[in-house]
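Below is one structure; the comments refer to it alone.
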Amino acid sequence: MLILELALRRLDGREYILVRQAEHDFFPWYLGATLASTLIAMAMLVILARKAGSPALRPAAAALVLLVLALVVSFAVNAPINIQQIGWNAQAPPADRAGIRDRWQIAHAVRTLFCVIAFGCLSAAVIDRSFTPAASPEASDSSSRR
């Protein structure tokens with residue numbers, strides 16, 4: 001995505017608008033479906049880790065918080081700009097197009113960073129972690145006596 005965003009910086013106003021408007025035909029439904037399912041899965045992971053008393057709880061909860069922060073950035077900055085760009089006239093680009101593009105790209109970089117760190121937390125949560133309740137010391141003592 002970084003390479004695409006860097007390439008978009010070289011386009012003139014008309015070309016940039018046409019690319020963004022073409023993206024908006026496909027991305028909103030795709031992102032909504034993938035984001036909703038990801039947030040549900042992360043919430044379920046946090047709930048399971050909490051119920052099991054798993055050490056995966058903290059990194060899983062951190063990943064969920066980071067994904068929510070990415071969503072906040074999306075709704076606060078990127079989505080309003082996306083909606084604005086749908087109505088732009090490619091034949092008469094707005095004068096502040098470059099500033100709006102830069103704001104969108106900075107917010108996109110921030111939310112991408114949140115998502116990458118969330119993925120790292122998720123990896124730490126699930127790699128070599130148990131989601132079954134740990135046996136109590138008394139239970140293991142009584143089973144060894146039999």
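Along the sequence shown, the residues carry numbers beginning at 1.
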- prompt: For residues 73-101, which residue pairs qualify under salt bridge (charged side-chain N to carboxylate O under 4.0 Å, His left out), counting only residues two or more places apart or in two chains?
  reply: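 Those involving residues 73-101 do not exist here.
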message: For Leu18, is there any backbone N or O sitting under 3.5 Å from a side-chain donor or acceptor partner on Gln21?
response: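 Checking the backbone N and O of Leu18 against the side chain of Gln21, no donor-acceptor pair under 3.5 Å is found.
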Is any side-chain heavy atom of [X] less than 4.5 Å from a side-chain heavy atom of [Y]?
| X | Y | answer |
| --- | --- | --- |
| Leu122 | Leu45 | yes |
| Leu8 | Glu5 | yes |
| Val77 | Ile81 | yes |

[X] side, atom [atom1]; [Y] side, atom [atom2] - distance, nearest 0.5 Å:
| X | Y | atom1 | atom2 | result |
| --- | --- | --- | --- | --- |
| Ile117 | Leu67 | CD1 | CG | 11.0 Å |
| His24 | Ile86 | NE2 | CD1 | 5.5 Å |
| Thr112 | Gln105 | OG1 | CD | 11.0 Å |

query: Taking the inter-plane angle between the rings of Phe27 and Tyr30 on a 0 to 90° scale, is it parallel (under 30°), tilted (30 to 60°) or perpendicular (over 60°)?
result: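 Answer is tilted, since the angle falls between 30° and 60°.
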Does [X] share a hydrophobic cluster with [Y], counting links as ILVMFWY side-chain heavy atoms below 4.5 Å and allowing steps through other members?
| X | Y | answer |
| --- | --- | --- |
| Ile100 | Trp104 | yes |
| Leu35 | Val68 | yes |
| Leu39 | Val126 | yes |
| Ile83 | Trp29 | no |
| Val46 | Val65 | no |

- prompt: Do Arg14's NZ or CZ and the ring of Trp88 fall within the cation-pi criteria of under 6.0 Å and 45°?
  reply: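 Checked: cation-pi criterion not met.
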Over all atoms of both residues, closest heavy-atom pair of [X] and [Y]:
| X | Y | answer |
| --- | --- | --- |
| Glu15 | Leu11 | OE1-CD2, 3.6 Å |
| Val73 | Phe114 | CG2-CE1, 4.0 Å |
| Cys121 | Ala62 | SG-CB, 4.0 Å |

query: Residues two or more places apart in sequence or in another chain: which of them pass side chain to side chain donor-acceptor pair (under 3.5 Å) with Ser74?
result: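 For Ser74, the residues satisfying side chain to side chain donor-acceptor pair (under 3.5 Å) (neighbours in sequence not counted) are Arg111.
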field: Any residue meeting salt bridge (Lys or Arg N to Asp or Glu O under 4.0 Å) with Arg9, in chain and number order, not counting sequence neighbours
entry: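 For Arg9, the residues satisfying salt bridge (Lys or Arg N to Asp or Glu O under 4.0 Å) (neighbours in sequence not counted) are Asp102.
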message: Checking Cys115 against Leu66 for the side chain to side chain contact (heavy atoms under 4.5 Å, CB included) test, could you report, in this order, the C-alpha distance in whole Å, the side-chain angles of both residues, the deciding distance, and whether it holds?
response: CA-CA 7 Å; Cys115 289; Leu66 286 162; over 6 Å; no
